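Structure first, then comments.
In this text, all values refer to a predicted model and were calculated from it rather than measured experimentally. Quick note on labels: first sequence line is chain A, next is B, and so on, each numbered from 1.
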Amino acid sequence: MIVVNGQPSDVDAGQTVTDVLERLGVEPGARGVAVAVDGEVVPRSQWPRFALAPEARVEVLTAMQGG
Amino acid sequence: MDEPTVTEGARADGPTAGPRTEDHLTIAGRTFRSRLILGTGGFSTLQALASSLAASGAELATVALRRIDTTQRGSVLTVLEEAGVRVLPNTAGCYTARDAVVTARLARDGLDTNWIKLEVIGDERTLLPDPAELLVAAEQLVDEGFVVLPYTSDDPVLARRLEDIGCAAVMPLGSPIGSGMGIRNAYNLGLIREQAGVPVILDAGIGTASDAALAMELGCDGVLCASAIARAEDPVAMARAIAGAVQAGHLARRAGRIPRRLYAQASTQERGLADFS
C-alpha cells in the first residue's frame with residue numbers, strides 16, 4: 001500500500017508522482033512543491049516518469065510559515 | 001573590523017540617517033540593506049505576516065517545508081514574492097543530519113534556491129542544536145553546493161568549525177527559540193564575533209527591541225527574529241521597533257562606544273569653576 005503524506009493512499013503501484021499530485025489536487029506546474037519517495041528527493045523533472053513501487057512512502061511538501 | 005569611510009557631505013542628523021557608506025549586509029556575495037531577517041513562523045495569519053514584513057523592512061525571510069495542505073488559502077511564498085523578499089528555506093523540525101540534508105535538497109528542488117538555513121535540533125524542550133549532527137549536515141550540504149547558514153549554539157568553537165567547513169555565515173542563538181530571553185551569553189557572542197570571518201547573525205531568543213540592539217552592539221552583522229514580532233501584542237509595531245533597534249545598535253557599534261569604567265569621569269572640565277565661598 002502506497003502512503004502519501006502519512007496517509008494510506010489508493011494510488012496504484014506503477015503510477016507516477018504526477019498522478020499522486022493530481023489526486024492531491026496539486027496544480028500541475030505548481031510552484032514551491034517538492035517530493036520525496038522513500039526518503040529521497042524526486043526532482044520535479046522526473047515527476048511524470050517516476051513510477052511508484054507497491055510500498056512506496058511519498059512526501060509532498062511545500063513552503064509554509066516557519067523559522 | 002574595517003572602519004567605514006565617510007563620503008563628503010554626509011548627513012549626520014536624524015535617527016537613521018548616517019554616513020553614506022556601502023554599509024550593507026553581505027551574505028555569500030549577495031547584499032541586503034536591511035540587517036533584520038524575518039522568520040515567518042508564529043504569525044496568526046498571512047495578512048499579519050504581510051503587514052509585519054512590510055514594517056520590518058526585511059529583505060530575507062525564512063520558510064519551513066511541510067506537507068502540502070491543499071485546503072489552505074494563500075501561501076507564504078506569495079506573500080514573500082509580492083513583498084519582493086527573498087525566500088530562505090530552513091530545516092526546522094529536523095533532529096538528524098539525514099533529515100536535514102533531505103529537507104535541504106527538497107527545498108532546493110521546490111524553491112529553486114541553494115540557500116538553506118540549517119537547523120538540526122538536539123533537544124525537544126530547548127530546541128538547542130545538536131552540534132554533532134549539525135556539523136555532519138553542514139559539511140554534506142556545503143559539499144553539495146549549498147549556501148549554508150547554520151543555526152548554532154553560542155559556543156565559539158562550534159562556530160569556528162562551522163565556518164571552517166565552509167558555511168556562509170554563523171547564526172548563534174541568544175537564548176532558546178521562542179523563549180524571548182534575549183542574549184544569555186554576551187561574552188560568548190563577543191568571542192564568536194571576534195574570530196568570525198563570515199557574517200554573524202544572531203538567531204533565536206530575541207524578546208524585544210533592546211535585545212536586537214544589544215546583539216548589534218556586540219558586533220553581530222544581523223539579527224533573525226520571528227517570535228518576538230509574530231507573538232507581540234502588536235506585531236507591526238514590534239516589527240518597526242526591532243528594525244529601528246537593529247539600525248541603532250549597528251550605528252552605535254560603528255560609532256565606537258566609550259569603555260566601561262569603575263569610577264566616574266567628569267564630562268565637564270574643572271578649569272573655570274566658580275568659587276562661591
Side-chain angles (χ1 to χ4, degrees), chain A, chain B residues 37-46 48-49 60-72 74-81 87-93 98-99 101-113 116-119 149 151 171 177 203-204 224-227 230:
Chain A
M1 179 192 60
I2 290 174
V3 173
V4 177
N5 285 359
Q7 300 296 321
S9 166
D10 50 12
V11 169
D12 294 322
Q15 290 197 282
T16 67
V17 168
T18 296
D19 294 327
V20 169
L21 295 176
E22 251 174 52
R23 273 174 191 269
L24 277 180
V26 176
E27 301 272 336
R31 292 177 317 116
V33 178
V35 175
V37 176
D38 298 329
E40 301 288 340
V41 181
V42 178
R44 176 179 285 263
S45 58
Q46 291 180 26
W47 290 353
R49 300 192 300 277
F50 192 96
L52 299 170
E55 301 295 315
R57 305 180 76 83
V58 184
E59 293 285 345
V60 181
L61 307 180
T62 189
M64 303 275 235
Q65 284 180 241
Chain B
I37 302 170
L38 190 67
T40 62
F43 290 91
S44 52
T45 64
L46 288 175
L49 168 61
L60 183 62
T62 61
V63 298
L65 247 62
R66 290 290 180 269
R67 287 169 170 170
I68 198 164
D69 174 5
T70 47
T71 66
Q72 183 188 50
S75 93
V76 69
L77 289 181
T78 306
V79 169
L80 297 183
E81 189 175 52
V87 174
L88 175 60
N90 68 24
T91 64
R98 173 173 151 65
D99 282 355
V101 167
V102 173
T103 302
R105 292 171 181 157
L106 286 164
R108 179 160 64 178
D109 191 68
L111 300 177
D112 210 25
T113 173
I116 190 74
K117 155 95 186 295
L118 177 62
E119 301 177 29
L149 310 179
Y151 156 68
M171 305 184 73
I177 294 169
D203 174 22
L224 193 155
C225 182
S227 298

Exercise for the section: Evaluate the side-chain proximity of Asn5(A) to Arg66(B): yes if any heavy-atom separation is below 4.5 Å, no if none is. Expected result: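 Answer no - side chains too far apart.
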Handout entry: Note, Arg105(B) side chain near Glu40(A) side chain (heavy atom, < 4.5 Å)
Key =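 When only atoms from C-beta onward are counted, Glu40(A) and Arg105(B) do touch, with a gap below 4.5 Å.
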Region of [X] in contact with chain A, defined by heavy-atom distances below 4.5 Å:
X: Phe43(B); result: both
X: Ser75(B); result: neither
X: Arg108(B); result: neither

For the residue pair [X] and [Y], what are the closest heavy atoms and their distance?
X: Ala34(A); Y: Leu106(B); result: CB-O, 3.2 Å
X: Asp38(A); Y: Arg98(B); result: O-NH2, 4.5 Å
X: Gly32(A); Y: Leu77(B); result: CA-CD1, 3.6 Å
X: Gly67(A); Y: Ala226(B); result: O-CB, 3.2 Å
X: Arg67(B); Y: Gly6(A); result: NH2-N, 3.5 Å
X: Arg44(A); Y: Asp109(B); result: N-OD2, 3.0 Å

Would you mind telling me which of [options] has the largest number of heavy-atom pairs within less than 4.5 Å of chain A?
options: Ile37(B), Val79(B), Thr62(B); answer: Thr62(B)
options: Asp69(B), Ile68(B), Val76(B); answer: Ile68(B)
options: Gln72(B), Glu81(B), Glu119(B); answer: Glu81(B)

Problem - Structural part of Val4(A) lying under 4.5 Å from a heavy atom of chain B - result: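 Neither part, no heavy atoms under 4.5 Å.
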Practice task
Output, in order, the C-alpha distance, side-chain angles, deciding distance and verdict of side-chain contact (heavy atoms from CB on, under 4.5 Å) for Thr78(B) and Arg31(A).
Solution key: CA-CA 10 Å; Thr78(B) 306; Arg31(A) 292 177 317 116; 4.3 Å; yes
Exercise for the section: Just give me the residue among Pro43(A), Ala30(A), Gly25(A) that pairs up with chain B most often, heavy atom to heavy atom, under 4.5 Å. Expected result: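 Of the options given, most contacts go to Pro43(A).
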Problem - Gap separating the CD atom of Gln65(A) from the OG1 atom of Thr45(B), nearest 0.5 angstrom - result: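 The distance works out to 7.5 Å.
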